[in-house]
Trainee: 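After the structure tokens below, expect a handful of questions from me.
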Amino acid sequence: MSGRQALSPGEGCGGCAACGGVVPAAEGLGGLDLLGALGDGYLALDGSGAICAANPEATRLLGRSADDLIGLELADVVELEALDGERRTDAGLLEGALRGGSTAGPRRARFAVRGGVDFVASFVVADPGEDTDQHAVLLFRDITDRWQAERVYRALHRVGRAVASDEDVLDLVSAECAEIFRCDSFICRFDGDGALVLAASVEHRSGDTLPVLADGPLWRVRATGQPARIDDYSTLPEESPLRRRARVRGYTGTAATGIEVGGRMWGAVVVTTTRPEGIRPSTEHRLAHFAELIGLGIANREARAELEALAAVDPLTGFGNLRTFQERLRGEMARAGRAGSPLSLALLDIDRFKDINDENGHQVGDEVLRRVSSVLRAVTRASDILCRTGGDELAWILPGASSRDAVAAVERARKAVAGASMDGVGRVTLSAGVCDLATAGSQDDLQRFADGALYHAKHHGRDRVVRYSPDVVGVLSDTERADGLARQQALQSIRVLARAVDAKDTSTREHSERVADVAVQIAHVLGWDLPRAAELREAGLVHDVGKIAVPDSILFKPSRLSAEEFEIVKQHASVGAEMVADVLTDKQVSWVRGHHERWDGGGY
């Protein structure tokens with residue numbers, strides 16, 4: 001091909017080297033137009049950098065006819081932008097390759113079409129050879145949908161981990177959606193006749209109240225529970241407030257997906273744009289993935305807040321809970337300070353309670369805890385206050401008791417527990433640490449010193465009561481306590497999330513607990529020691545947490561999954577591994593990641 005020409009339907013390029021000699025002239029194959037049938041956009045550039053040939057797919061993607069493109073430089077038609085998070089050299093690599101006529105690709109960049117619709121492209125630059133006036137050939141295709149799907153999947157990992165850590169994810173989701181879909185994004189909660197904005201990217205502000213206008217996306221989402229979108233506001237009645245609002249703000253498209261919490265339509269994730277191309281197809285369905293995670297996070301928070309507000313008593317032991325303990329200790333310290341009377345605190349721990357759970361299951365562990373609580377209740381005074389502050393951690397407030405009196409009382413309780421009958425588990429013992437107000441000047445010190453004494457008791461033989469003394473007991477540093485507490489809280493959040501995922505389907509309820517129990521039983525048969533088996537149980541309890549990234553429409557699909565749907569399901573093991581990576585050990589993370597592997601290598 002020589003000179004500049006458009007490849008119209010029915011024409012060929014004469015079999016030039018740019019096509020590897022495989023695209024003959026039209027008359028050579030009875031009018032077959034291979035370049036016209038090519039699924040990729042095709043542009044040929046001459047030595048001056050001007051476009052000299054374009055196929056129909058190129059004209060479609062660039063929004064110009066072939067005649068309009070011929071003679072223009074590529075920079076007059078499209079500006080290449082590096083993708084966020086991608087190699088910044090890709091756009092420059094294309095420009096350099098085109099100037100030098102060298103080969104480059106495949107690479108990715110955003111094609112910002114001047115006066116047209118932007119898209120993410122995968123491109124290749126080819127050398128057309130020597131027997132042609134063409135200098136370089138550019139092949140490109142629109143991969144925006146695939147690129148968005150990749151970004152959505154990575155964003156879901158981040159949001160899922162934030163939900164598991166009990167973080168506020170609204171701002172995170174709003175920012176992720178704005179970046180991925182290149183739209184303004186906001187998250188709102190339905191409030192009466194309006195919608196309260198809780199997080200927003202640009203156009204709106206947190207705290208704004210938006211009207212829920214009839215026939216608009218928000219109205220449809222709230223009324224039907226289904227995703228909604230508007231691609232052409234001009235189709236609405238002229239007098240429609242929604243049409244007038246869109247005209248004032250310049251909206252060209254809006255998509256919204258509902259956030260469901262506890263069976264009610266709580267709010268919506270919304271994206272709006274003023275860009276000429278509007279909202280891409282399927283955007284509202286991709287928003288649904290984020291909406292599901294937001295709903296789960298809000299449901300967890302609401303459930304936790306309700307329990308904290310209503311539950312002042314631990315249902316298993318009948319003792320006060322952690323909040324009750326803190327409030328009662330604060331009150332007793334104030335009373336002792338006013339009266340000048342003694343006050344002691346004992347912190348107790350059932351020895352090797354985790355092993356009891358691992359070997360016998362949580363039901364047996366709960367029964368042991370009930371039995372120990374019953375024994376303690378029988379040996380305490382009416383004025384004493386017993387609280388359960390953790391899994392097997394108990395606190396005992398002794399008003400009017402010096403540390404010496406408290407040690408004697410706790411020692412009697414320790415002997416009573418050791419002598420009690422515990423069916424199926426043998427002898428159960430307690431370790432305890434005691435401190436009084438005369439030794440500690442504040443509530444924080446009283447708890448830290450008693451905790452230090454308990455730590456000393458557990459690491460010096462267990463089944464003993466230790467009174468705090470600075471000469472004998474070392475107190476854990478704030479950093480050591482904070483690190484241990486942070487890990488336990490993070491792991492507990494992930495367990496709550498895993499139980500929520502299991503509970504969504506009656507067929508999988510308590511699935512994670514059953515898997516953990518069976519795994520530990522197998523470990524014991526194989527001769528694993530108790531600490532290693534306990535690590536296995538921790539991993540088993542959260543092994544399926546990655547299912548949070550799998551849409552309900554796939555999890556509960558009654559028919560056979562498509563290949564694409566099965567690929568999404570297969571990702572849940574690696575997603576779960578990423579979610580627990582900051583909480584569990586590397587070995588435990590590998591167990592979560594590989595929990596669908598088989599001995600014959602046939603898993604995933």
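These figures come from a predicted structure and were not determined experimentally. Throughout, numbering of the chain's residues begins at 1 and tracks the sequence.
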Trainee: Without hydrogens or angle criteria, can the side chains of S240 and Y233 be said to hold a donor-acceptor pair below 3.5 Å?
Mentor: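 The criterion, which ignores hydrogens and geometry beyond distance, is not satisfied for Y233 and S240.
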Trainee: Side-chain donor-acceptor pair under 3.5 Å between S174 and D171, yes or no?
Mentor: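 Side-chain D/A pair, S174 to D171: absent.
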Trainee: Does a sphere of radius 6.0 Å around CG in D232 hold more than 12 heavy atoms from other residues, nucleotides or ligands, not counting ones at 6.0 Å or beyond?
Mentor: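 Yes, the 6.0 Å shell around CG holds more than 12 heavy atoms from other groups.
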Trainee: How about R141: does its CZ atom have over 12 heavy atoms from other parts shown lying under 6.0 Å from it?
Mentor: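 Result for CZ/R141: open.
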Trainee: Any pair with a residue in residues 245-266 that passes ring pair (Phe, Tyr, Trp, His ring centres under 6.0 Å), sequence neighbours left out, goes on the list, sorted by first then second residue, please.
Mentor: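 Not a single pair qualifies under ring pair (Phe, Tyr, Trp, His ring centres under 6.0 Å).
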Trainee: Check side-chain contact (heavy atoms from CB on, under 4.5 Å) between L172 and all other residues, then give those that pass, not counting sequence neighbours.
Mentor: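 So L172 forms a side-chain contact (heavy atoms from CB on, under 4.5 Å) with V159, A162, E176.
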Trainee: Output yes when a side-chain donor or acceptor of S201 lies under 3.5 Å from a complementary backbone atom of S185, and no otherwise.
Mentor: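 Checking the backbone N and O of S185 against the side chain of S201, a donor-acceptor pair under 3.5 Å is found.
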Trainee: Tell me whether the rings of F111 and F123 are parallel (<30°), tilted (30 to 60°) or perpendicular (>60°).
Mentor: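 Taking F123 first and then F111, their aromatic rings sit tilted (interplane angle of 30° to 60°).
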Trainee: Hey, mind stepping through H511 and H543 against ring pair (Phe, Tyr, Trp, His ring centres under 6.0 Å) and telling me if it holds?
Mentor: CA-CA 10 Å; H511 166 71; H543 76 280; 5.2 Å; yes
Trainee: Mind listing the closest non-hydrogen atom pair of A54 and T59 along with its distance?
Mentor: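 Closest pair (atom of A54, atom of T59, distance): CB-CG2, 4.4 Å.
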Trainee: Would you say that more than 12 heavy atoms from the other residues, nucleotides or ligands in this model lie under 6.0 Å from the CZ of R560, or not?
Mentor: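 Atom CZ in R560 is not packed in, count stays at 12 or less.
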Trainee: Measuring from R64:CZ to I70:CD1, what's the distance to the nearest 0.5 Å?
Mentor: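 Taking CZ in R64 and CD1 in I70, the distance rounds to 12.0 Å.
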Trainee: Which pair of non-hydrogen atoms, one from A228 and one from R220, has the smallest distance, and what is that distance?
Mentor: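 So the two residues come closest at CB-CB, 3.8 Å.
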Trainee: Kindly say whether V120 contributes a backbone atom to a donor-acceptor pair with the side chain of T144 at under 3.5 angstrom?
Mentor: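 Judged by distance alone, yes, a pair lies under 3.5 Å.
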Trainee: Between R264 and E302, does at least one N-O distance fall below 4.0 Å, as a salt bridge requires?
Mentor: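 Looking at R264 and E302, the cut-off is met.
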Trainee: Does R154 offer a backbone N or O that forms a donor-acceptor pair with the side chain of H157 under 3.5 Å?
Mentor: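 Such a contact is absent between H157 side chain and R154 backbone.
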Trainee: In chain order, what residues pass the side-chain contact (heavy atoms from CB on, under 4.5 Å) check against S590, with sequence neighbours excluded?
Mentor: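 Checked S590 against side-chain contact (heavy atoms from CB on, under 4.5 Å); matches are K587.
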Trainee: Side chains of R280 and Q148: do they bring a donor and an acceptor to under 3.5 Å?
Mentor: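 No, no side-chain donor-acceptor pair sits under 3.5 Å.
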Trainee: Judged by atom type as modelled, is there a donor-acceptor pair below 3.5 Å linking the side chain of R229 to the main-chain atoms of E284?
Mentor: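 No, the answer is negative, given that no donor and acceptor are paired below the 3.5 Å cut-off.
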Trainee: Keeping H572 on the side-chain end and V569 on the backbone end, is there a donor-acceptor pair under 3.5 Å?
Mentor: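 Yes, because the side chain of H572 sits within donor-acceptor range (under 3.5 Å) of the backbone of V569.
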Trainee: When you measure from the side chain of T585 to the backbone N and O of Q588, does any donor-acceptor pair fall under 3.5 Å?
Mentor: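 Side chain of T585 to backbone of Q588: a pair is present.
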Trainee: Under 3.5 Å, side chain of S206 to main-chain N/O of L198, donor-acceptor pair present?
Mentor: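 Checked: pair present.
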Trainee: Got a donor-acceptor contact below 3.5 angstrom from the R151 side chain to the I180 backbone?
Mentor: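 Checked: no pair found.
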Trainee: Does R182 form a salt bridge (Lys or Arg N to Asp or Glu O under 4.0 Å) with E277? I'd like the steps, not just the answer.
Mentor: CA-CA 11 Å; R182 303 192 81 200; E277 63 266 30; 5.4 Å; no
Trainee: Can you give me the closest heavy-atom contact between V550 and E292, atom names plus distance?
Mentor: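 Nearest pair, atom of V550 first, then E292: O-OE2, 4.1 Å.
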Trainee: Taking N55 for the side chain and A58 for the main chain, is one N or O donor matched with an acceptor at less than 3.5 Å?
Mentor: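 Indeed, once roles are kept as given, a pair shorter than 3.5 Å links the two residues.
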Trainee: Report yes or no: does D184 contribute a side-chain atom to a donor-acceptor pair with the main-chain N or O of F186 at less than 3.5 Å?
Mentor: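 Pair absent, no side-chain N/O of D184 close to backbone of F186.
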